[in-house]
Amino acid sequence: MTLYGYWRSSSTWRVRIGLALKGLDYTNEPVNLLHSAQLGDEHRARNPMGQVPALADGDVVLTQSLPILEYLEERYPQVPLLPGSYAQRAKIRAMAEVVNSGIQPLQNLAVLKHLDTHSVDRGDWSRHWIDTGLRALESMATGSGPFLVTDGPTLAEACLIPQLYNARRFKMDVAAYPRLAVCEAACLALPAFQQSHPDQQPDAVV
Ligand SMILES: N[C@@H](CCC(=O)N[C@@H](CS)C(=O)NCC(=O)O)C(=O)O
């Protein structure tokens, strides 16, 4: 498999977490967002939205991080990203969706660039939407241990942990969400989250 992504992209990190949890090998092909490589013809042929990530599995090219993770779940069921009962799996998906549709699209690069043309402060805007979503997740986190829903990391953590990393880039205090901070510490102690961390990627600039 080949993952087309960017080291600091939260959506790309979601997919790296899924691949790492399932122990799947892949080649990393950086798409430099700062050079607008995501908007070039070569990458748009993979993802017409002009966004990362895209994942090629043989001849199949997949886009959108959550459908990519659902594909991995069905194709490579080892180490499930959607474990537990029907109700738990619905909860995992709901928490992933808070990040995927309730936070990240409101503060992705294209939106922030457009805000610049309306004299809106990128930081204030982004912190507002990140805080709204993280508060919701804090109250939804009902797992008995450190994880959000079940006794290990799932699709929900694959979305949450990159979003918390992103929150820090906007100078937010993650300790303001104590349940989420505990979950983050538990995840970051795991090799799958460590090896998939943005700072560990070959295209990282740290
Ligand atoms: N819903 C998409 C979101 C993808 C997305 O917004 N990716 C960002 C990086 S995290 C991106 O490529 N931004 C480039 C841009 O906005 O120009 C997914 O989950 O894959």
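As the structure is a prediction and not an experimental result, all values here were calculated from the model.
The side-chain heavy atoms of Q104 and Q163, taken from C-beta on, include a pair separated by under 4.5 Å. Within the 4.5 Å cutoff, side-chain heavy atoms of L180 are placed close to those of L134. Inter-residue side-chain proximity for I92 and P83 is flagged as met; some heavy-atom pair is nearer than 4.5 Å. No side-chain heavy atom of N32 sits under 4.5 Å from any side-chain heavy atom of D203. Contact annotation: the side chain of M95 never approaches that of L160 to less than 4.5 Å [non-hydrogen atoms, C-beta and beyond]. Counting heavy atoms from C-beta outward, Q38 and Y6 have side chains that stay 4.5 Å or more apart. Y76 places none of its side-chain heavy atoms less than 4.5 Å from the side chain of L19. At least one side-chain heavy atom of H43 sits less than 4.5 Å from a side-chain heavy atom of V52.
Shown here is Q78, whose CD atom has more than 12 heavy atoms of other residues, nucleotides or ligands within 6.0 Å. No more than 12 heavy atoms of other residues, nucleotides or ligands shown are found within 6.0 angstrom of CZ on R135. By the 6.0 Å contact criterion, CG on N28 is enclosed, its count of non-hydrogen atoms from other residues, nucleotides or ligands being greater than 12.
Closest heavy-atom contact between P146 and R179: O-NH1, 3.8 Å. Closest heavy-atom contact between P153 and L190: CG-CD1, 3.8 Å. Of all heavy-atom pairs between L72 and K22, the closest is O-CE, 3.7 Å. Residues R75 and D57 approach most closely at NE-OD2, 3.8 Å, considering heavy atoms. Minimum interatomic distance between W125 and W129 (heavy atoms only, all atoms of both residues): O-CD1, 3.2 Å. Counting all heavy atoms, side chain and backbone alike, L3 lies closest to P53 at CD1-CB, 4.0 Å.
Y26 and V79 fall within a single hydrophobic cluster, where Ile, Leu, Val, Met, Phe, Trp and Tyr side chains are chained together by heavy-atom contacts under 4.5 Å. Cluster membership check: Y177 does not share its hydrophobic cluster with V182, using side-chain heavy-atom separations under 4.5 Å among Ile, Leu, Val, Met, Phe, Trp and Tyr. Hydrophobic clustering of Ile, Leu, Val, Met, Phe, Trp and Tyr side chains at less than 4.5 Å, counting indirect connections, unites V111 with V120. At a threshold of 4.5 Å between side-chain heavy atoms, the hydrophobic network of Ile, Leu, Val, Met, Phe, Trp and Tyr places V60 and I68 in one connected group.
Salt-bridge check for R168 with E184: passed, with a basic side-chain N closer than 4.0 Å to an acidic carboxylate O.
With no hydrogens or angles considered, no side-chain donor-acceptor pair links E70 and Q64 at under 3.5 Å. For the residue pair Y4 / N47, no side-chain donor-acceptor distance below 3.5 Å is found, with atom types taken as modelled.
Atom OG of residue S36 and atom CG of residue L109 lie 7.5 Å apart, to the nearest 0.5 angstrom. One finds the CZ atom of R14 at 12.5 Å from the CD1 atom of I161 (value rounded to the nearest 0.5 Å). Atoms CG and OG, from N108 and S9 in turn, are 9.5 Å apart once rounded to the nearest 0.5 Å. The distance from the CG atom of L82 to the CD atom of E73 is 5.0 Å, given to the nearest 0.5 Å. One finds the CD atom of Q195 at 10.5 Å from the CD1 atom of I17 (value rounded to the nearest 0.5 Å). Note: L21 CG to C187 SG = 8.5 Å, rounded to the nearest 0.5 Å.
Shown are L188, V174, L137; of these, the side chain to side chain contact (heavy atoms under 4.5 Å, CB included) with L164 is made only by V174.
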Practice task
Would you please test T63 and R46 for side-chain contact (heavy atoms from CB on, under 4.5 Å) and show each step?
Solution key: CA-CA 8 Å; T63 61; R46 293 179 206 115; 5.6 Å; no

Handout entry: Steps toward side-chain contact (heavy atoms from CB on, under 4.5 Å) verdict (W13, Q201)
Key = CA-CA 10 Å; W13 191 9; Q201 303 315 301; over 6 Å; no

Problem - Working for side-chain contact (heavy atoms from CB on, under 4.5 Å), residues T154 and V149 - result: CA-CA 8 Å; T154 68; V149 181; 5.5 Å; no

Practice task
With side-chain contact (heavy atoms from CB on, under 4.5 Å) as the test, would you mind laying out the steps for E97 and L66 before giving the verdict?
Solution key: CA-CA 9 Å; E97 206 54 50; L66 290 194; 3.7 Å; yes

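Looking at R8, its side chain never comes within 3.5 Å of a backbone N or O of A204 through a donor-acceptor pair. Using modelled atom types, no side-chain atom of S126 and backbone atom of G123 make a donor-acceptor pair closer than 3.5 Å.
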